[in-house]
Each structure stands twice: as C-alpha cells, then as structure tokens.
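Only one structure is covered here, and it is reproduced in the block below.
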Amino acid sequence: MSNADIARILERIAIRLDIEGANPFRVRAHKEAARIVSEQGEPMSAMVSREGALEALPGIGKDLAQKIRDLVATGSTPMHDELKARIPDEVVDFTELQGLGPKRVRTLFAELQIRDRAGLEAAAKAGRLKGLPGFGEKVEQNVLKALATASAWSGRVLLARIWPLAHALAERVAAVKGVAQVELAGSFRRRKETVGDLDLLVCGGDAESVMQAFTTHESVTDVLGRGETKSSVRLDTGLQVDLRHVPSESFGAALLYFTGSKEHNIELRRIAIDKGWSLNEYGLTQGEKLLAGRTEEEIYAKLGLDWIAPELREARGEIELARAGTLPKLIELSDLRADLHMHTTRSDGRDSIDAMVEAAIARGHEYIAITEHSKALAMANGFDAARVRKSAIEIEAARGRHKNIHILHGLEVDILADGELDLDDDTLNVLDWVVISIHSAFTQAPEVATARVLRALQNPFVHAMGHPTGRIIGSREPVAFDMEQVAQMAASEGVALEINSAADRLDLSDVNARLARERGCRFVIDTDAHSTNALENLRFGVFQARRAGLTAADVWNTQPWSRFSGSLGARRKAPRKTAAARPASAGKSVATKPAARPAAERTAKKPAAKPPAAKARRNS
DNA sequence: GCCGTTTTCGGCCCGACTGTTTTCAGTCG
C-alpha cells in the first residue's frame, strides 16, 4: 500500500467523519494526516518498522499512527471499515460536487436515503431536494449543474497545459484601464504539477470593469459568483477560475494568502498570533494598526522570516529554514546550460538533428545530448549496436555544421526487465552520454523492480537515469521500486537522476527529488523533447526541481561545458565491479553504501525532512 | 485527534459569498 493509497483512505475517513457531524478538529486531524503521509518521501511501510517514527511526525499521534500501521499491515483499519459500512463510497463522492458539503450530503443521505449519483440526479430532477432543510430552488439547480460538470471534468489539469490560457486570462484583465498589478496565485504560482483551479489577483482599476472583463472572457461558460471583490467562473474546459480585486496596500497580503498553501498560511497565522498580531488577506495587523500588507517581503520580514519562494510553501519545513536564514537558493531556468535528453527523426522524434540543434542554440544552450532510443523500443526505431556506430559519424558531421554548441553523442538505453541494459558495454563505450530508462514491465513487484534498477545503476557506462519512475500523471502509476534504495545507489554510483520536464511526466516528482537530494544524489533536468517545440518545456522541470528545494549546485547540467565535459568519464575509468553486476536477491534489502556526498556536508542548506522545530511550531 | 514555557483540558486560522433565512449556516478557498 503506497503512501498515496494510505493518504486517500485517511482523507476519506475525514470526509465520512465530517458527514457524520464529528468534531471538526478530529476531521481536520485526519485531513492533516493524509497530507503528511502523501508528502513523505519514505514509504510508510518502511517507517512503521522504526519505533516511534510515525509519532515523531508533527500531526501524527498515537491514534493516527496506529491507523497507519493497520493500513500498512492489512490495507484497512477497523474504523474505516465501520464508517464505510455506514456511508457508501458514492455518498462520500457527493462532497466533491460544487455546493454540496458535508452538512448537505448528510441531509441527502439521512432524509432521502440517497446512496448514489443516479439517485441524487433523479431526486434533484424530481424537485425533492428543495424542500429539505438548508436546500432551496437554487441549491437544487446547482446540484444538477454540478453533476453535469463533474462528468465532463476530471478535476485537475496539468500545469503546462493550462500555462498559456492562464497567462491569456491574466493579460485580458491587465489590459483593463487603471489595473496596476495582476498575479496568478494559488497552486499555479506554487508550480504544482497539476492545478485544480486558477486564482487571479488584481489591484488597481475600477472593480466593476475588472469583473466585467473577467466574466465575459470568451472561454467563460458559467459565472458561479460575482461580488464586489470576488468573482468565480467556469471555463469551457471545466476549469474554475477565481478572481479577487484587492487594494494595493493589501496586495502582498492577498498574494501571500491566495498563493497558499493553506497549511503554509496556517503556520504563518500561528506565528502572527503568538506575537499578538493577526494575519489575513488584508494584511498583518496589531489591533487596528496595519503592520504590513503591500508586499509579501515586508510581511515575511515582520514575522521574522526570509521571503519564501512560492514553490516551497507547502509546510514541509520551509518556515523553520526561513527563520534560520538557511533557505536554499533555488535553481532558476537561467542556471541551466544544457539539455541532455532529446530525440530526432532518427528514432521517434519529429525534427531532424539540425533542427533540434538550431533550436537548442536559439534557446542559449551551451551543450546538448542527442539521445535516441535503443533497440528494445523497436516501434520507436531504437538503435542497435551497428546503428550506434553509424550514429557516431552522423553526430560528428553535425558538430562540423554547428560550431557554436557542443553536441554529445548520447543514447536513451532501455533497462530491460531483469536490469540488464539493452546494449552491451562495448557499444555503450562508444557513446559520450548514456541515459538509462524504463519503458517496459511497469508493473513488477517492488522487490523485483528495485533489484532491476539497482543492477542497471551499477553499470559504469551510465551517466543518468531518465524519467526514473516511469509514471505518467493521470494515467500510469510509477514503477514500484524502493526510492530510498535507488537514491542511495544512484548517489554512491554517481549516476544523476533526471527530472524530466515533459508535462505529464515531471519525473522525479518533487517528493522523490527531495528524498534523493537528502541522500546525496545529483540531478539533470532535461526535456526529453521529441520536437523543437518541446525544448520549451525545460521550465516545468525547473519548477519541479524548485519544489524539491534543489539549487543550481545539485544539477549537473548547470555546469559550464569545461567542467561538465571533464566529469563525464570518471566512472568508466574505475574497474568494473563484477559482483555488483548481479541483481540483488529478491526481498532482501541491498547493502546501502554511504552517499557520494555525505548528508552532513549538505545539511546547512537542505530543507529538513522533518524540521526539528516542527513539533514545537507554536513556540515563537 | 493533536498538542503543551497556560501540559491531561481546552484550545485548534479566517473571510467572502450564496442562499436560505429573518440573523446566519453552509460552502469554499
């Protein structure tokens, strides 16, 4: 049972408790626990075996720790079984519909015995909802609307997919006369890999004109609400967009507030309260007196904190680092000097070598690697040994045509099901840059998958592991290998883990990259572009890296060519470790070598997995 | 259900908007 599975069950326990009218703080405790579990890099299945490890997590006490242990051991917990027997799954799902919260869902279930979607729709159509307490004509109509919308809307959309439309909406509002500032806040600003809605923040201009411009945008199909300071709309794609018009003296406070995360805000509020102040979207106040509000920086400063980049605002220890002045200096797109994973028409790319190289030059890259597929991916026209040797000549010719960029002769070599690589060592030795990736056998058991990856990582010709977990957001689960062991092996072998910038990969995830960083891994951020356009995606990989707390120093392809090229051959010179080439025996934990860069060397800047001060977060 | 320099009880973040009410509960973020 993965952390995500456990988190989901805890979340549903919380909703069921809420529907039953339980103590709201008990509900919140379960929701908080779900969040904490989902953000742990280490699997719960590993943590349960360490005495007291669960209880050491802030927000997890004796009771929740036991529930997590039950879930790991049996896939369930007695309390959830009892709750499920009383409240069916589909009733829980009702709370996802706009306008239905726990109270109204409770009424539907208790008064009308509605147990599923079909029943809800039938009751609403028959006009049986509007007579219920807390319901009326309008709510009934909204339920029907929400049911129709929900079937067309999966809930979240990839950040990269919404990027252009989000900016178009912002520009539309920015064009209104007198508007001074427009920001896209929310999870969009935190650069989460998917966003559930968009939050626009506007200051300046006439509020009425701003609302008018916003609610009449061509992609708006439904105006959900329209007040003096706030409007909500639904777009034709199903996405909800909220706009808030705020005064300039409150803009920083509003930006902070609506950027979130909710958990980050709650921690900030606690700090304010402890100082006898109050923090809301209008500012930081002491009684009637406004202490700060115009910018985020002044609010953080007043609270005794360094400004925290939005990508880190997830209540994962960033506040303690900000207080201590030890926040990492996050990597930026401009730090990258290369893209080391891309395809051309020679395998399954859409553009030629020359087109890709020219596009890379236009992007300002100092060096790139052309990395076609290997032969296991026959459908992608993967290279065999002979084709690799021919390719070397083609790359050399390309170098002759393009003098103002360094081109590495690379390959994306398949990791076969048993951990063997798809090409032999002699062939790999021809290449300047070897990325290894999983493209098959995605559903192996954890021990098998772990042994497979550990074996592959020990090949001395390998430089990097591409899209390590193989997950596709929304459609394919990550390969179930043990990230802890893989990260330790990658660190000790000096193999970089990729953060793949493809919109639906973003693999490693922020949580995994954070764990890998703590184990001393280095990284590369690549596009895996299959066309010149896709080279633009690098920014999304950088966002993911920032969410993981990575600095430029953590990422190999930020190095200037002279240093990078000098570091490529290091592993090949070392004698081949024959014993290490065998896969570890299934089910047995593999001896973990110390990380290449010991954790202690890096603690000064790294965000702690569990901040030492977190248990006492109400201190200040 | 969690937490603790107020430590085993009594707190736990806060405001806008809607719709159902007739002063406010429910929902949402």
Side-chain angles (χ1 to χ4, degrees), chain A residues 10 13-15 17-19 21-34 36 54-68 79 94-108 129-143 145-146 185-188 190 195-201 207 211 223-232 240-246 250 253-254 256-274 277-285 315 614-620:
Chain A
L10 291 171
I13 289 176
I15 296 172
L17 286 171
D18 212 354
I19 291 172
N23 176 350
F25 297 104
R26 192 175 171 218
V27 173
R28 184 193 292 176
H30 283 85
K31 286 194 171 160
E32 178 70 3
I36 291 162
L54 291 175
E55 287 89 343
L57 296 168
I60 306 290
K62 223 173 117 186
D63 180 277
L64 281 161
Q66 186 54 46
K67 287 193 177 101
I68 292 168
M79 181 207 199
F94 289 167
T95 59
E96 286 168 25
L97 298 169
Q98 180 96 35
L100 287 188
K103 301 292 187 295
R104 289 189 181 130
V105 168
R106 176 185 165 83
T107 303
L108 291 171
L129 265 47
K130 59 174 176 275
L132 296 170
F135 286 76
E137 186 77 39
K138 202 77 193 215
V139 170
E140 188 169 83
Q141 290 312 307
N142 283 344
V143 166
K145 221 188 250 179
S187 54
F188 185 90
R190 302 202 311 280
V195 298
D197 62 12
L198 281 178
D199 297 280
L200 270 171
L201 222 55
M211 296 303 178
V223 179
L224 302 172
R226 186 169 162 174
E228 280 178 30
T229 63
K230 176 188 169 179
S231 290
S232 295
Q240 183 175 327
V241 188
D242 299 333
L243 178 144
R244 275 139 183 124
H245 189 259
V246 301
S250 295
L256 182 61
Y257 185 83
F258 291 110
T259 296
S261 66
K262 191 176 158 189
E263 293 75 16
H264 180 87
N265 288 344
I266 288 173
E267 295 213 10
L268 293 183
R269 280 227 176 80
R270 286 196 176 116
I271 295 172
I273 290 168
D274 288 346
W277 304 336
S278 166
L279 177 64
N280 61 26
E281 60 261 54
Y282 296 106
L284 182 64
T285 52
K615 274 279 182 190
R617 61 185 167 194
R618 302 190 61 205
N619 278 0
S620 57

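This one's a predicted model, so the numbers in the text were calculated from it and none came from an experiment. Letters go in sequence order (proteins before strands), and every chain restarts at 1. FYI, side chains are in, hydrogens and waters are out, and symmetry mates aren't considered; it's all heavy atoms of this structure.
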Separation of B:dG15 atom P from A:E228 atom CD, nearest Å, is 18 Å

Check your understanding: Within the structure shown, what part of the strands sits under 4.0 Å from A:L268 by heavy-atom distance: base, sugar-phosphate, or nothing?
Key -> nothing

| request: Identify whether any heavy atom of A:R226 sits under 4.0 Å from a base atom; if not, whether one sits that close to sugar-phosphate; answer base, sugar-phosphate or nothing. | output: sugar-phosphate

Could you check whether any side-chain N or O of A:R190 sits under 3.5 Å from a backbone N or O of A:T259, counting only pairs where one atom can act as donor and the other as acceptor? yes

Winner on side-chain proximity to A:R28, out of B:dG15, B:dC12, B:dG29, is B:dC12

- Message: When you measure from the side chain of A:R226 to the backbone of A:M211, do you find a donor-acceptor pair of N or O atoms at a distance under 3.5 Å?
- Response: no

Q) Does A:G283 offer a backbone N or O that forms a donor-acceptor pair with the side chain of A:N280 under 3.5 Å? A) yes

OP1, OP2 of B:dG19 versus side-chain N and O of A:N142: anything below 4.0 Å?
-> yes

Has A:N280 got a side-chain N or O lying under 4.0 Å from the OP1 or OP2 atom of B:dC14? no

Q. With rounding to whole Å, what would you report as the distance between B:dA25 and B:dT20 at their C1' atoms?
A. 9 Å

Rounded to whole Å, the CG-P distance (A:L129 to B:dT20) equals 11 Å

Of B:dC2, B:dC13, B:dT27, the nucleotide closest to the side chain of A:L64 is B:dC2

- Is the shortest side-chain N/O distance from A:R269 to OP1 or OP2 of B:dC12 below 4.0 Å? no

For this session: Please determine if a side-chain N or O atom of A:R270 lies less than 4.0 Å away from the OP1 or OP2 oxygen of B:dC12.
Result: no

task: Output yes when at least one side-chain N/O atom of A:K67 is less than 4.0 Å from OP1 or OP2 of B:dG1, else no.
output: yes

Closest to the side chain of A:V139, out of B:dG29, B:dG19, B:dC2, is B:dG19

When you compare B:dT23 with B:dG29, how far apart are their P atoms, in angstrom units rounded to a whole number?
-> 29 Å

Reckon A:T229 touches a base, only the sugar-phosphate, or nothing at all at heavy-atom distances under 4.0 Å? sugar-phosphate

Is any side-chain heavy atom of A:F135 less than 4.5 Å from a side-chain heavy atom of A:L100? yes

By nearest-nucleotide position on DNA chain B, the 5'-leaning member of A:G101 and A:N23 is A:N23

From CZ of A:F25 across to C1' of B:dG4 the rounded distance in Å is 16 Å

Between NZ of A:K138 and C1' of B:dA25 the distance, given in whole Å, is 18 Å

- Task: Using the P atom as the reference point in each nucleotide, state the distance between B:dG1 and B:dT6 in Å, no decimals.
- Result: 27 Å

The answer to which of A:G136 and A:S278 contacts DNA chain B further toward the 5' end, by nearest nucleotide, is A:S278

Next on the checklist: Classify A:K62 by what it touches in the nucleic acid, base, sugar-phosphate, or nothing, heavy-atom distance under 4.0 Å.
Outcome noted: sugar-phosphate

Rounded to whole Å, the CD-C1' distance (A:E96 to B:dC28) equals 14 Å

TODO: For B:dT21 versus B:dG26, give the span between their P atoms, rounded off to a whole number of Å.
DONE: 11 Å

Does A:E140 use its side chain to pair, donor to acceptor, with the backbone of A:K130 at less than 3.5 Å?
yes

Using Watson-Crick geometry (N1-N3 plus N6-O4 or O6-N4) or G-U wobble (N1-O2, O6-N3), each under 3.5 Å, B:dT18 is paired with B:dA25

> If the C1' atom of B:dC14 is compared with that of B:dC9, how far apart are they to the nearest Å?
Replying inline: 25 Å

From CG of A:L284 across to C1' of B:dC14 the rounded distance in Å is 14 Å

Looking only at atom C1', what distance separates B:dC13 and B:dC2, rounded to whole Å? 16 Å

Considering only heavy side-chain atoms of A:K230, the closest of B:dG1, B:dC17, B:dC12 is B:dC17

query = Taking atom P in both B:dG15 and B:dG10, what distance in whole Å separates the two?
reply = 26 Å

**Message:** I want to check one thing: is the phosphate of B:dC28, taken as OP1 and OP2, less than 4.0 Å away from some side-chain N or O of A:S232?
**Reply:** no

If you apply the rule side chain to side chain contact (heavy atoms under 4.5 Å, CB included), what do you find for A:L64 with A:E32, and how did you get there? CA-CA 10 Å; A:L64 281 161; A:E32 178 70 3; over 6 Å; no

Exactly one candidate in A:D242, A:N265, A:L201 meets side-chain contact (heavy atoms from CB on, under 4.5 Å) with A:F258; the answer is A:L201

Discussion item. For a quick check of understanding: with a heavy-atom distance under 4.0 Å over all strands, which category does A:P24 fall into, base, sugar-phosphate or nothing?
Written reply: nothing

Of B:dT27, B:dG29, B:dG15, the nucleotide closest to the side chain of A:K103 is B:dT27

Between CG of A:N265 and C1' of B:dC14 the distance, given in whole Å, is 10 Å

Separation of B:dG29 atom P from A:K31 atom NZ, nearest Å, is 11 Å

Report task. Determine, for A:D63 against A:K67, whether the closest basic-nitrogen to carboxylate-oxygen distance falls under 4.0 angstrom. Result -> yes

### Task
For B:dA16 versus B:dT5, give the span between their P atoms, rounded off to a whole number of Å.
33 Å

| Is any side-chain N or O of A:Y257 closer than 4.0 Å to OP1 or OP2 of B:dC28? | no

Picking from B:dG1, B:dG19, B:dG26, the nucleotide nearest the side-chain atoms of A:R104 would be B:dG26

